[in-house]
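Since this is a predicted model, take the numbers as computed values, not measurements. A note on names: the letters A, B, ... follow the listed sequences, proteins ahead of strands, and every chain is numbered from 1.
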2 protein chains.
Amino acid sequence: MARKAEKPASAVSLTAVVVAVTDEVPRVLVARRMRHDLATPAQQGATAMPGDSPDTLPYGPFDPARHRTLELGLRDWVAEQTGLELPYVEQLYTFGNQYRDPRELMGEPRLVSVAYLVLTHETPVSGSGEAHWHEIYNFLPWEDWRAGRPAVIDALIRPGLARWVDAARSPAAKARRRERVAISFGVDSAGPADVVRTLDRYELLYEAGLVLEALRDRRQMARATGGKEPRQSRKTVETAAGIGAPMALDNRRILAAALGRMRGKLAYRPVVFELLPPDFTLLQLQRVVEALTGTRLHKQNFRRTIRNAELVEPVGRFETAARGRPAELFRFRRDVLTERPAVGVGLPAMRAAE
Amino acid sequence: MARKAEKPASAVSLTAVVVAVTDEVPRVLVARRMRHDLATPAQQGATAMPGDSPDTLPYGPFDPARHRTLELGLRDWVAEQTGLELPYVEQLYTFGNQYRDPRELMGEPRLVSVAYLVLTHETPVSGSGEAHWHEIYNFLPWEDWRAGRPAVIDALIRPGLARWVDAARSPAAKARRRERVAISFGVDSAGPADVVRTLDRYELLYEAGLVLEALRDRRQMARATGGKEPRQSRKTVETAAGIGAPMALDNRRILAAALGRMRGKLAYRPVVFELLPPDFTLLQLQRVVEALTGTRLHKQNFRRTIRNAELVEPVGRFETAARGRPAELFRFRRDVLTERPAVGVGLPAMRAAE
DNA sequence: CATTGATATGCTCTCAGTGAGCATAATTAT
DNA sequence: ATAATTATGCTCACTGAGAGCATATCAATG
């Protein structure tokens with residue numbers, strides 16, 4: 001069994017999704033890059049064209065000689081590239097898809113990428129990399145329902161997915177596609193579907209050719225195999241620009257996975273507090289939760305839930321210089337970790353949508 | 001930045017945790033590596049001695065030339081070694097710890113291992129590997145609370161952890177250790193702590209030197225660095241046999257992670273049905289859930305929950321040849337997947353333990 | 001055939017959590 | 001002062017879950 005690999009045909013790299021939330025805007029740390037090394041400045045929004053220099057998540061190779069564990073390796077990379085030192089770090093997923101990296105097509109070892117989620121505060125970036133904070137929902141605009149149903153859904157996603165369903169070869173395949181759409185985006189567009197299903201949604205859009213990376217990868221694959229252009233190219237002309245800002249490699253898939261993981265964790269782990277300053281008002285806390293889940297919450301009930309859970313304790317001071325009545329400042333109660341098995345802030349729409 | 005690795009110093013392997021539940025007994029597929037010992041009699045716990053041939057999870061190298069994705073590679077390995085073809089597969093975690101593999105100490109590339117969870121039915125194993133089904137709770141005896149608090153907890157774990165806490169160098173370190181114990185195993189031993197925290201518990205036992213792998217790794221590390229024997233070795237004499245049956249490499253850590261993942265998923269995804277035959281009684285369903293969570297559930301309430309959630313529909317037939325009143329047979333309603341965002345069977349003890 | 005034992009199934013009562021909304025308090029802007 | 005704005009307290013209704021009682025339906029046993 002387990003015959004040994006003659007020569008290691010894959011290399012391990014570490015990729016970080018560094019997240020912060022400031023003023024209700026969740027952001028991720030990215031660096032522009034042309035090729036392997038070059039970086040370009042500037043940011044524009046959701047209209048990048050193929051050939052553009054795509055945004056890249058900070059990453060680096062895993063060097064076993066230097067780092068005892070994967071996580072320590074990642075912490076090192078993040079510190080070096082961003083100056084961040086002691087944030088919350090959690091492994092997300094390991095990606096090893098074919099055609100992930102163009103270099104691989106030239107005979108280099110497959111890049112298996114271990115992705116990590118890093119939660120921190122938005123600080124001026126200091127490290128070696130030309131990193132910048134970008135709004136997460138620029139990359140995943142269909143995930144933000146705080147101002148109602150995102151426009152892209154009716155404008156591009158629903159019709160695009162409908163075409164994709166119709167394009168299925170067999171009736172069985174069509175049914176399967178329809179089911180996947182229903183599961184990921186919901187049947188009616190009344191509310192957000194399961195807010196945690198971010199990865200399903202991105203992968204669906206990818207398969208349906210509605211994000212730029214899909215077209216890019218198909219083109220690349222066609223070129224590599226010397227074959228013809230992918231045949232969907234004609235059908236998806238109108239959305240050729242792709243929905244949301246693209247990223248390099250499979251970085252957007254990783255970002256989608258990270259967002260889903262964060263949302264899921266909110267419900268049963270007090271991870272929000274990693275994103276907040278030590279002292280905060282209950283509304284600030286609520287805004288961060290809303291920013292991450294992409295939904296609005298009932299204010300009074302949110303407060304009640306937090307207080308009942310004894311997640312926070314009053315600092316004794318009050319917010320200064322606000323418009324209305326000053327809000328009391330709270331801090332996270334570390335003790336809850338030892339008191340209760342599962343504590344979180346509760347996700348919206350987790351009950352039956354009836 | 002991102003300087004390229006001169007030569008890939010790590011290789012990627014795929015490890016499978018193949019789980020099935022038969023007659024209330026959750027089992028995992030393992031292969032004995034060096035020698036062929038007989039299966040240990042049930043439920044003992046602290047029996048294996050160092051030098052034993054350890055159980056190994058099925059694994060194989062990831063070969064990018066052969067497999068398009070990591071998951072496809074794993075499916076191939078599982079099929080080849082066990083004959084299983086189309087089970088439920090889900091990525092668990094990627095492990096890259098130092099001293100994971102002794103070969104690495106001889107200059108071979110670090111083995112980064114991507115672990116997968118595979119759910120299936122217990123079938124006679126057919127593949128190339130000498131695989132066998134082993135009871136999961138033989139490896140993790142402290143996780144099965146169905147017959148009340150496991151004996152190992154009072155006998156070995158509590159005192160062992162207490163010694164570990166006391167052995168902390170500084171008062172601060174002591175407090176941290178105490179907190180970790182409280183979080184993982186709970187403060188009182190009244191009920192099972194968070195049933196999902198299996199990985200925390202294993203890692204705690206590992207760090208405290210209460211599982212055989214910890215002693216083995218320390219010894220190996222000492223030998224490799226030419227150093228002296230680890231200094232905890234005297235303090236942990238009485239538990240030198242280690243709690244639970246050991247496994248090769250970090251396989252037991254992987255198993256613990258798999259169990260936790262399964263338990264967590266039960267609550268919000270209908271994964272149990274992957275482990276059940278197409279038609280089943282509600283009691284069978286309950287028994288599988290109990291087997292996985294390691295707890296007992298209230299029968300009537302469990303039935304009510306399942307029916308209210310419309311997770312199942314009656315087949316129209318009844319169980320034959322049982323002792324009492326025949327139970328109605330049900331099947332999983334696939335439609336729920338498109339109807340509700342999050343459906344599961346509910347975990348016990350997820351509310352405040354007061 | 002009646003009885004016992006075992007299992008399946010139905011029902012009630014209670015309580016905690018939560019969704020929704022009304023009401024009041026404390027501040028700043030005009 | 002008055003309006004606007006934000007924070008905070010409270011009620012009411014509904015749902016799901018925990019616990020237990022009661023009944024139904026079978027096999028085995030005398």
Side-chain angles (χ1 to χ4, degrees), chain A residues 24 190-192 266-268 279-287 289-290 293 295-330 340-354, chain B residues 24 190-192 195 266-268 279-287 289-290 293 295-330 340 342-354:
Chain A
E24 312 188 29
L266 281 183
Y268 64 99
D279 297 350
F280 48 83
T281 69
L282 293 182
L283 185 61
Q284 283 172 352
L285 173 60
Q286 180 181 344
R287 291 306 181 210
V289 173
E290 289 174 337
T293 61
T295 57
R296 285 288 170 206
L297 299 173
H298 187 285
K299 191 170 173 176
Q300 295 96 317
N301 291 345
F302 180 83
R303 297 170 51 83
R304 181 182 55 188
T305 303
I306 298 296
R307 309 211 59 165
N308 284 354
E310 297 180 299
L311 273 170
V312 298
E313 60 189 358
V315 172
R317 299 196 321 279
F318 286 78
E319 201 188 25
T320 59
R323 231 197 301 279
R325 169 174 170 175
E328 194 171 5
L329 287 170
F330 293 85
R340 267 186 301 284
V343 283
V345 296
L347 260 53
M350 283 303 264
R351 29 191 68 211
E354 285 167 326
Chain B
E24 313 189 29
V195 294
L266 282 182
Y268 64 98
D279 297 349
F280 49 84
T281 70
L282 293 182
L283 186 60
Q284 283 172 352
L285 173 61
Q286 180 180 345
R287 292 304 183 210
V289 174
E290 290 174 335
T293 60
T295 57
R296 287 286 170 207
L297 299 174
H298 187 285
K299 190 170 176 175
Q300 295 95 315
N301 291 346
F302 179 82
R303 299 170 50 80
R304 180 183 55 188
T305 303
I306 298 296
R307 310 211 59 163
N308 283 355
E310 298 179 299
L311 272 170
V312 298
E313 60 189 359
V315 172
R317 300 197 318 279
F318 286 79
E319 200 188 26
T320 60
R323 234 194 305 280
R325 170 174 169 176
E328 194 170 4
L329 286 169
F330 293 85
R340 267 186 302 282
V343 283
V345 296
L347 261 54
M350 283 304 265
R351 28 192 69 214
E354 285 168 325

- [ ] Could you tell me whether the side chain of A:Phe302 reaches within less than 4.5 Å of the side chain of A:Val289, counting heavy atoms only?
- [x] yes
- [ ] Look at the side-chain N and O atoms of A:Arg325 and state whether any lies under 4.0 Å from the OP1 or OP2 oxygen of C:dA25.
- [x] no
Open item on the list: I'd like to know if B:Arg304 reaches the base of D:dA17 with its side chain, counting only an N/O donor and acceptor under 3.5 Å.
Closed with: yes
- [ ] For A:Glu328, report the nucleic acid contact type (base, sugar-phosphate, nothing); a contact means any heavy atom under 4.0 Å.
- [x] sugar-phosphate
Open item on the list: Is there a side-chain contact between A:Arg323 and the phosphate of D:dT6, meaning an N or O under 4.0 Å from OP1 or OP2?
Closed with: yes
TODO: Check for a donor-acceptor pair, side chain of B:Glu290 on one end and backbone N or O of B:Glu24 on the other, with a separation under 3.5 Å.
DONE: no
TODO: Figure out the CZ/P separation between B:Phe302 and C:dT7, and round it to whole Å.
DONE: 17 Å
Task: Heavy-atom check, side chain of A:Gln286 versus side chain of A:Leu283, under 4.5 Å - done: yes
- [ ] Mark yes or no for a side-chain to base donor-acceptor pair under 3.5 Å between B:Asn301 and D:dA19, with no hydrogen or angle criteria applied.
- [x] yes
Open item on the list: Rounded to whole Å, how long is the line connecting atom CZ of A:Arg307 with atom P of C:dT18?
Closed with: 16 Å
- [ ] Write down the distance between CG (B:Asn308) and C1' (D:dC14), rounded to a whole number of angstrom.
- [x] 14 Å
Open item on the list: By nearest heavy atom, map A:Ala327 and B:Gln300 onto DNA chain D; which one lands nearer the 5' end?
Closed with: A:Ala327
Open item on the list: By nearest atom, which of the nucleotides D:dA17, C:dT9, D:dT6 is closest to the B:Lys299 side chain?
Closed with: C:dT9
Open item on the list: Rounded to whole Å, please give me the gap between CG in A:Leu283 and C1' in D:dT5.
Closed with: 12 Å
TODO: Assign each of B:His298 and A:Gly324 to its nearest nucleotide of DNA chain D by heavy atoms, then name whichever residue's nucleotide is nearer the 5' end.
DONE: A:Gly324
Task: B:Glu319 CD to D:dA27 P, straight-line distance once rounded to whole Å - done: 12 Å
- [ ] Find the distance B:Arg303:CZ to D:dG20:P and express it as a whole number of Å.
- [x] 18 Å
Task: Spacing of A:Leu282 atom CG and A:Glu328 atom CD [to the nearest 0.5 Å] - done: 8.0 Å
Open item on the list: Are B:Phe330 and B:Arg307 packed together at the side-chain level, in the sense that at least one heavy-atom pair is separated by less than 4.5 angstrom?
Closed with: yes
Task: Between D:dA19 (P) and B:Leu297 (CG): distance, integer Å - done: 11 Å
- [ ] Would you kindly give the CG-to-C1' distance between A:Leu282 and D:dT6, to the nearest whole Å?
- [x] 13 Å
